[in-house]
Amino acid sequence: MAGILLSQLIGQPAAQTFLRHTVESGRYANAYLLHGPPGVGKGTAAIAFARALLCNSRGVLPQGGLFDTAPAAVPAGPPDDACGVCSACTKTLGLQHPDLKFLFPVSGEEKELDKTIVETIESWREDPLFVFTYDKAASIRISLTRELLRELAFKPYEAVRRVVVVRDADRMREDQYSAMLKSIEEPGASTVWVLTTARLAKLPATIRSRTQRVRFAPFTEALVREFVETRAGVDNPTARILAALSGGSLARALTLRNEPEPLKVRNQALAMLEPATRGDGRGLWTAITSFNAFGRAGREKLRRLIEFQELWQRDLLRAHYGAAKEDLVNRDREPEIRRQAATIEATEIRRRLMALEEALRAIEGNITPDLALFSALMRVADPAFETRAWPAHAAGRWRY
């Protein structure tokens, strides 16, 4: 949603107020870190913030020949947002402003990197509801980071400042953070960094401590339902299902709308918990390999599977403390949720959530997804897997 203005952001009043006040004050920090759950508008807000900073109403470089220093005409615009009509706003709308720089994770071979980046930006530009997804392991490439840092040594082309937007900044290598650190610490008056992340803890403390944080909260279910119904053209019954399954993430709802049967995907995820709960390792392995299709399912589909299982555990936690039906994501299976919640403690639910979170992190790495998911689900079902002591007898080691 590159064409969104700060005034058009939805569901994040605190972040919106902070960013607009920053633009109005004209006093900018070296770097900003927009953090919060995935799919709640951090990337959209980063582009809207950059658009406001690059708007001609914030100032332009002198135009003309070598000895002509007369400034170009500066259009009038809102004091806390982009005007949306000047040449700079038109360029940022098309993601083509020379002083707006991007870094974002990509998948695939290094030799096809340029093609992948062009295709991604083109899809981002053409689709107002574009969602970044990573079917394979994705990272911000160090070659792009180095190229960007070399370019930052020069003055901006048109605007009085350059804005660098780093999407999913947690997907970097350690040496990239080290290379970025000096530029973030001392960017000069001509560069503003805007980083986004849904995994704040994965960013080094050196980066977190040198940025001004802006927190984003999950969307309400009503807001997600209204958005996918009015903006994405989804019918009301389907919109209600997508909103319930989204868990406060608009990106998840927009991704699920392309699924022919989103409830079927949810049911597949929950069905895998059944053989795990019975201790049927063979049945669980069969279900996982069938779902993963021997590696053809993709990491994004596996990630969605685990997220659905996490939403089920969160429903159990809500029901354990007496939440109403409207507060449950999987409210169509309320009786089953109530029955399970009555037989489980909150500490056990938290342990299960931690195991599933570890599976999500493992899928992001080079661990075989099948094994990561199998290990996580067996640990979810059996607390004995959490023991920290190595079994004294060799027969017990299979549990690891």
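Both backbone and side-chain heavy atoms feed into the values below; hydrogens, waters and symmetry mates do not. A quick note: this is a predicted structure, and the numbers were derived from the prediction, not measured. Throughout, residue positions are numbered sequentially from 1 according to the sequence presented.
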Asks: For Ala355 versus Ala376, what's the shortest heavy-atom pair and its separation?
Replies: O-CB, 3.9 Å
Asks: Do Phe154 and Leu149 sit in one hydrophobic cluster, given that two such residues count as connected whenever their side-chain heavy atoms are within less than 4.5 Å of each other, even indirectly?
Replies: no
Asks: Quick one: do Arg199 and Asp170 make a salt bridge, cutoff under 4.0 Å?
Replies: yes
Asks: Quick check on side chain to side chain contact (heavy atoms under 4.5 Å, CB included): which of Leu242, Val224, Thr255 does Leu250 satisfy it with?
Replies: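 Output: one option passes, namely Val224.
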Asks: Within the distance-only criterion (no hydrogens, no angle test), does the side chain of Lys42 pair as donor or acceptor with the backbone N or O of Val214 below 3.5 angstrom?
Replies: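 Such a contact is absent between Lys42 side chain and Val214 backbone.
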Asks: Taking all non-hydrogen atoms of both residues, which atom of Tyr321 and which atom of Ala346 are closest, and how far apart?
Replies: OH-CB, 3.4 Å
Asks: Among Trp193, Phe49, Phe216, exactly one meets ring-ring contact (aromatic ring centres under 6.0 Å, His included) together with Tyr32. Which residue is that?
Replies: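 Checked Trp193, Phe49, Phe216 against Tyr32; only one passes ring-ring contact (aromatic ring centres under 6.0 Å, His included): Phe49.
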Asks: Would a hydrophobic clustering, with Ile, Leu, Val, Met, Phe, Trp and Tyr connected at side-chain separations under 4.5 Å, put Met354 with Leu311?
Replies: no
Asks: Measuring from atom CD of Gln176 to atom CG of Leu181, what distance do you get when rounded to the nearest 0.5 angstrom?
Replies: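 That separation rounds to 13.5 Å.
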Asks: Does Val106 reach the side chain of Arg141, with side-chain heavy atoms less than 4.5 Å apart?
Replies: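 Result yes, sub-4.5 Å side-chain heavy-atom pair found.
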Asks: So, using ring pair (Phe, Tyr, Trp, His ring centres under 6.0 Å) as the criterion, who are the partners of Tyr28 when residues are at least two apart?
Replies: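 Per chain and number, Tyr28 pairs via ring pair (Phe, Tyr, Trp, His ring centres under 6.0 Å) with no residue.
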Asks: Would you find a donor on one side and an acceptor on the other, under 3.5 Å apart, between the side chain of Asp315 and the backbone of Asn330?
Replies: yes
Asks: What heavy-atom pair brings Ile140 and Asp168 nearest, and what distance separates the two atoms?
Replies: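 Reported closest heavy-atom pair: CD1-O, 3.7 Å.
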Asks: CG of Asp81 to CG of Leu5: how many Å apart, nearest 0.5 Å?
Replies: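 Taking CG in Asp81 and CG in Leu5, the distance rounds to 5.0 Å.
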Asks: With a 3.5 Å distance limit and no angle check, can you tell me whether Asp99 reaches the backbone of Pro156 through a side-chain donor-acceptor pair?
Replies: no
Asks: Is a salt bridge present between Arg266 and Asp332, judged by a nitrogen-to-oxygen distance below 4.0 Å?
Replies: yes
Asks: Whether Arg331 and Glu326 form a salt bridge (side-chain N of Lys/Arg under 4.0 Å from carboxylate O of Asp/Glu) is what I want to check.
Replies: no
Asks: Do Ile142 and Ile184 sit in the same hydrophobic cluster, where Ile, Leu, Val, Met, Phe, Trp and Tyr count as joined when their side-chain heavy atoms come under 4.5 Å apart?
Replies: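 Shared cluster, no.
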Asks: Could you pull out the closest heavy-atom pair between Leu270 and Arg333, with the gap in Å?
Replies: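 Taking every non-hydrogen atom into account, CD1-NH1, 3.3 Å.
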Asks: Please answer: with hydrophobic residues joined when any side-chain heavy atoms are less than 4.5 Å apart, are Val118 and Leu144 in the same cluster?
Replies: no
Asks: Using 4.0 Å as the upper bound for N to carboxylate O, is an ion pair formed by Asp80 and Arg20?
Replies: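 A salt bridge links Arg20 with Asp80.
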Asks: Shortest non-hydrogen contact from Leu203 to Ala169?
Replies: CD2-O, 3.5 Å
Asks: Could you check whether any side-chain N or O of Arg210 sits under 3.5 Å from a backbone N or O of Thr206, counting only pairs where one atom can act as donor and the other as acceptor?
Replies: yes
Asks: Going by atom types alone, do Ser87 and Asn56 pair a side-chain donor with an acceptor below 3.5 Å?
Replies: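 Per modelled atom types, Ser87 and Asn56 side chains form a pair under 3.5 Å.
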Asks: With a 3.5 Å distance limit and no angle check, can you tell me whether Ser183 reaches the backbone of Ala179 through a side-chain donor-acceptor pair?
Replies: no
Asks: Could you work out, with ring pair (Phe, Tyr, Trp, His ring centres under 6.0 Å) as the rule, every residue matching Tyr177, not counting sequence neighbours?
Replies: none
Asks: Would a 4.5 Å heavy-atom cut-off, applied to side chains only, mark Val194 and Val164 as touching?
Replies: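 No. Closest side-chain heavy atoms not under 4.5 Å.
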Asks: Are Lys91 and Glu158 close enough for a salt bridge, meaning some N to O gap below 4.0 Å?
Replies: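 The answer is yes: the pair qualifies as a salt bridge.
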Asks: In terms of hydrophobic clusters joined by side-chain contacts under 4.5 Å, are Leu317 and Ile306 together?
Replies: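 Yes; tracing contacts between hydrophobic side chains, which count when under 4.5 Å, links both residues.
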Asks: Roughly how far, to the nearest 0.5 Å, is CD1 of Ile349 from CD of Gln313?
Replies: 7.0 Å
Asks: Once rounded to the nearest 0.5 Å, what's the spacing between atom CH2 of Trp124 and atom CZ of Phe104?
Replies: 7.0 Å
Asks: Minimum heavy-atom separation for Cys55 to Cys83, with atom names?
Replies: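 Shortest heavy-atom contact: SG-N, 3.3 Å.
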Asks: Distance check, rounded to the nearest 0.5 Å: Arg51 atom CZ versus Leu95 atom CG?
Replies: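 Arg51 atom CZ to Leu95 atom CG measures 9.5 Å (nearest 0.5 Å).
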Asks: Using a strict threshold of under 4.0 Å (side-chain N to carboxylate O), is an ion pair present between Glu122 and Arg125?
Replies: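 Counted as a salt bridge, because a side-chain N and a carboxylate O are separated by less than 4.0 Å.
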Asks: May I ask you to decide if Leu195's main-chain N or O and Arg167's side chain share a donor-acceptor pair within less than 3.5 Å?
Replies: no
Asks: Taking atom CG as the centre, does Asp114 end up with more than 12 heavy-atom neighbours from other residues, nucleotides or ligands that are less than 6.0 angstrom away?
Replies: no
Asks: What's the separation between atom CG in Leu200 and atom CG in Leu34, rounded to the nearest 0.5 Å?
Replies: 11.5 Å
Asks: Are the side chain of Ser246 and the backbone N or O of Ala243 linked by a donor-acceptor pair below 3.5 Å?
Replies: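 Indeed, once roles are kept as given, a pair shorter than 3.5 Å links the two residues.
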Asks: Check whether any side-chain N or O of Glu221 sits under 3.5 Å from a backbone N or O of Gly247 as a donor-acceptor pair, and report yes or no.
Replies: no
Asks: Looking at Glu345, is its backbone amide N or carbonyl O close enough to the side chain of Glu348 to form a donor-acceptor pair, meaning the two atoms are under 3.5 Å apart?
Replies: no
Asks: What pairs with Glu229 under salt bridge (Lys or Arg N to Asp or Glu O under 4.0 Å), at least two apart in sequence or on another chain?
Replies: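 Glu229: no salt bridge (Lys or Arg N to Asp or Glu O under 4.0 Å) contacts found.
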Asks: Taking 4.0 angstrom as the limit, do Lys115 and Glu112 come out as a salt bridge?
Replies: no
Asks: Hey, are Glu307 and Arg304 close enough for a salt bridge, meaning a charged N less than 4.0 Å from a carboxylate O?
Replies: no
Asks: Has Thr238 got a side-chain atom pairing as donor or acceptor with Val234's backbone, closer than 3.5 angstrom?
Replies: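 It does not hold such a pair.
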